[in-house]
**Student:** 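Input: one structure, supplied below.
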Amino acid sequence: MSSEGDVVGGPPQAVAGPDGPREPHERREPGPQRGSPRYRRRILLAAAAAVLGVGGIVGAGAAATGHGGAAPVRAVAHRTASPAGEPLREVTEPEADLLHTAEQILLRDCMRDRGFVYEPVLRQPVPDARDFPYVVDDPEWARRHGYGSDLDRKREEISTEGVNERYFRSLPQERRAPAIAAANGSRPDGLSARAPDGLKISRSPDGCQSQAERGLYPDLAAWFQARVTVDSLPPLRGGQVIADGEFRGATRKWSVCMNAAGYVFQDPAAARAALPPPDRPFPREREVAMAVAEAGCARSSGLAETAARLDRKYDTELREKYGHDVTAWLRFRLDALPRARAVVEADAER
């Protein structure tokens with residue numbers, strides 16, 4: 001599940017998805033922890049990791065975290081036990097692709113039954129996109145992509161040229177609102193979940209988005225709560241990492257290294273803030289040189305290793321704290337795999 005931007009304490013805002021502009025389909029209401037810190041999770045516009053919009057109109061998930069959405073809770077070198085003691089695991093990348101493909105097929109069929117066209121889209125429309133939560137730490141990737149402005153432009157091309165976006169734009173004006181309602185339900189009410197930071201997220205259980213998910217996860221209400229919780233953990237984890245004294249100490253060493261290379265930045269966030277928008281990037285040589293310097297300093301200063309270690313530490317703590325929903329998330333995904341295979345195989349035989 002992917003989200004595009006926090007909307008707290010106000011009306012939902014339209015957001016941009018990989019296949020075009022979206023109408024909001026979830027309502028976000030602040031909870032008792034309204035003042036809790038949020039961490040801008042994404043440095044780069046990484047590939048969308050979940051349901052991609054119907055004509056750009058099916059919104060993505062909840063608990064928004066920066067440009068590209070929340071990264072899934074990682075299956076680092078441990079397993080989460082179910083209440084019965086059976087170890088669970090995160091799905092593999094091929095299994096995640098299977099779940100996404102099946103959901104897209106169900107979404108397509110539901111929209112067709114309601115009189116509209118939808119073409120399934122890829123889970124990873126820009127495969128080389130990367131998520132660097134704390135600092136760019138891969139010099140080879142930086143030499144190829146700098147800070148990823150080339151990948152951002154590819155995503156923008158997909159957004160504006162996608163088949164579903166073209167279809168939606170081709171609809172007569174009087175058909176667009178019914179198309180949005182078919183995809184998302186008429187109002188973002190009827191299904192709700194509370195994120196760990198207190199944010200209440202509500203959506204309709206009646207649109208094709210919900211119907212597609214229900215085809216894989218029959219207990220939609222429990223699935224929605226587990227999904228909201230799990231998608232909220234990366235920004236919480238990120239906030240803990242960047243507030244940690246070890247991270248701040250490694251960041252100071254990184255800053256000294258960058259200064260020696262000719263780049264005066266207090267931390268990677270300051271380097272990010274100095275970048276122009278993707279549609280007006282630095283000259284490629286300048287962007288690449290700065291990104292390569294950042295990656296080299298991330299390694300030589302120890303910031304990359306420190307960030308990775310702290311990320312694992314706080315990931316483990318959050319998994320334990322929110323173990324009920326994390327376990328439910330893992331169980332739901334694993335249990336859905338046979339249903340997803342059946343959907344994909346039946347579609348192939350049509």
Side-chain angles (χ1 to χ4, degrees), residues 1-2 17-19 25-26 47-55 57-62 69 72-73 75 79-84 86-125 127 162-164 167 179 182-185 190-191 193 203-231 325-350:
M1 176 179 69
S2 162
D19 205 19
H25 84 302
E26 293 177 353
V51 180
L52 307 176
V54 171
I57 57 179
V58 174
V73 172
R79 299 159 81 89
T80 301
S82 69
E86 178 188 353
L88 298 176
R89 62 174 177 83
E90 178 61 90
V91 298
T92 64
E93 281 298 302
E95 288 170 338
D97 287 339
L98 174 67
L99 292 172
H100 172 82
T101 300
E103 188 173 322
Q104 290 283 293
I105 291 169
L106 293 171
L107 188 54
R108 178 200 66 194
D109 291 351
C110 176
M111 290 296 287
R112 181 183 59 204
D113 291 344
R114 299 187 186 193
F116 298 98
V117 173
Y118 175 71
E119 291 294 331
V121 294
L122 295 174
R123 174 174 170 256
Q124 303 278 8
V163 60
N164 293 314
Y167 168 74
N184 299 329
L191 190 66
R203 59 180 272 193
S204 170
D206 301 324
C208 282
Q209 174 64 67
S210 290
Q211 182 169 316
E213 290 181 6
R214 191 181 289 110
L216 297 176
Y217 316 103
D219 189 345
L220 186 62
W223 156 251
F224 187 58
Q225 177 60 67
R227 198 179 73 172
V228 164
T229 297
V230 167
D231 275 7
D325 282 345
V326 171
T327 296
W329 160 263
L330 297 173
R331 174 65 72 191
F332 274 125
R333 302 256 282 175
L334 292 171
D335 287 350
L337 291 173
R339 289 187 284 271
R341 289 190 187 95
V343 168
V344 173
E345 290 170 1
D347 185 67
E349 294 174 357
R350 292 179 187 174

**Student:** Check residues 342-350 and write down every donor-acceptor pair under 3.5 Å in which the side-chain atom is one partner and the other belongs to a residue at least two apart or another chain.
**Tutor:**
from: D347; atom 1: OD1; to: R108; atom 2: NH1; distance (Å): 3.4
from: D347; atom 1: OD1; to: R108; atom 2: NH2; distance (Å): 2.5
from: D347; atom 1: OD1; to: R350; atom 2: NH1; distance (Å): 3.4
from: R350; atom 1: NH1; to: D109; atom 2: OD1; distance (Å): 3.3
from: R350; atom 1: NH1; to: D109; atom 2: OD2; distance (Å): 3.2
from: R350; atom 1: NH2; to: D109; atom 2: OD2; distance (Å): 3.0

**Student:** Checking the side chain of N164 only, and the main-chain atoms of E119 only, is there a donor and an acceptor separated by less than 3.5 Å?
**Tutor:**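 Indeed, once roles are kept as given, a pair shorter than 3.5 Å links the two residues.
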
**Student:** What's the separation between atom CG in D335 and atom CG in L216, rounded to the nearest 0.5 Å?
**Tutor:**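 One finds 11.5 Å between CG of D335 and CG of L216.
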
**Student:** So, using side chain to side chain contact (heavy atoms under 4.5 Å, CB included) as the criterion, who are the partners of D219 when residues are at least two apart?
**Tutor:**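 Expected list: A221, A222, F332.
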
**Student:** Give the minimum heavy-atom separation between A182 and R114, together with the two atoms involved.
**Tutor:**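 Answer, listing the atom of A182 first, then R114: O-NH1, 3.3 Å.
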
**Student:** Please give me the minimum heavy-atom distance between S204 and S210, naming the atom from each residue.
**Tutor:**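 Minimum heavy-atom separation between S204 and S210: O-OG, 2.6 Å.
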
**Student:** Side-chain contact, heavy-atom cut-off 4.5 Å: R89 with E95?
**Tutor:**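 In contact.
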
**Student:** Atom CD of Q225 and atom CG of L220: how far apart are they, to the nearest 0.5 Å?
**Tutor:**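 That separation rounds to 12.0 Å.
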
**Student:** Can you find a pair of side-chain heavy atoms, one from L98 and one from R341, that are under 4.5 Å apart?
**Tutor:**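 Yes. Closest side-chain heavy atoms under 4.5 Å.
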
**Student:** Step by step, would you call L330 with E90 a side-chain contact (heavy atoms from CB on, under 4.5 Å)?
**Tutor:** CA-CA 6 Å; L330 297 173; E90 178 61 90; 4.2 Å; yes

**Student:** What distance separates C208 SG from L106 CG, expressed to the nearest 0.5 Å?
**Tutor:**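 Rounded to the nearest 0.5 Å, the SG-CG separation comes out at 10.0 Å.
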
**Student:** Restricting to non-hydrogen atoms, name the atom on P218 and the atom on R339 that form the minimum distance, rounded to 0.1 Å.
**Tutor:**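 For P218 versus R339, the nearest heavy atoms are CD-NH2, 3.6 Å.
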
**Student:** How far apart are the C-alpha atoms of V117 and R112, what are their side-chain angles, what is the distance that settles it, and do they pass the side-chain contact (heavy atoms from CB on, under 4.5 Å) test?
**Tutor:** CA-CA 6 Å; V117 173; R112 181 183 59 204; over 6 Å; no

**Student:** Any idea which heavy atoms bring V91 and L337 closest together, and the distance?
**Tutor:**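 Closest pair (atom of V91, atom of L337, distance): CG1-CD1, 4.5 Å.
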
**Student:** Output the distance between atom CG (L99) and atom CD (Q104), rounded to the nearest 0.5 Å.
**Tutor:**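 L99 atom CG to Q104 atom CD measures 12.0 Å (nearest 0.5 Å).
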
**Student:** Going from CD on Q124 to NE2 on H100, what distance comes out if it is rounded to the nearest 0.5 angstrom?
**Tutor:**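 Interatomic distance, Q124 CD to H100 NE2, rounded to 0.5 Å: 9.0 Å.
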
**Student:** Find the distance between OH (Y118) and CG (L107) and round it off to the nearest 0.5 Å.
**Tutor:**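 Interatomic distance, Y118 OH to L107 CG, rounded to 0.5 Å: 5.0 Å.
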
**Student:** Closest heavy-atom contact between Y167 and G115?
**Tutor:**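 In terms of heavy atoms, the two residues are closest at OH-O, 4.3 Å.
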
**Student:** One thing to verify: whether R123 and E103 come together as a salt bridge, which I'm taking to mean a side-chain N less than 4.0 angstrom from a carboxylate O.
**Tutor:**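 Here E103 does not pair with R123 in a salt bridge, since their nearest N and O are not under 4.0 Å apart.
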
**Student:** I'd like to know whether E213 forms a side-chain contact (heavy atoms from CB on, under 4.5 Å) with R227, so could you lay out the CA-CA distance, the side-chain angles of the two residues, the decisive distance to 0.1 Å, and finally the verdict.
**Tutor:** CA-CA 11 Å; E213 290 181 6; R227 198 179 73 172; 2.5 Å; yes

**Student:** Quick one: ring pair (Phe, Tyr, Trp, His ring centres under 6.0 Å) partners of Y217, sequence neighbours excluded?
**Tutor:**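 Ring pair (Phe, Tyr, Trp, His ring centres under 6.0 Å) list for Y217, sorted by chain: W223.
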
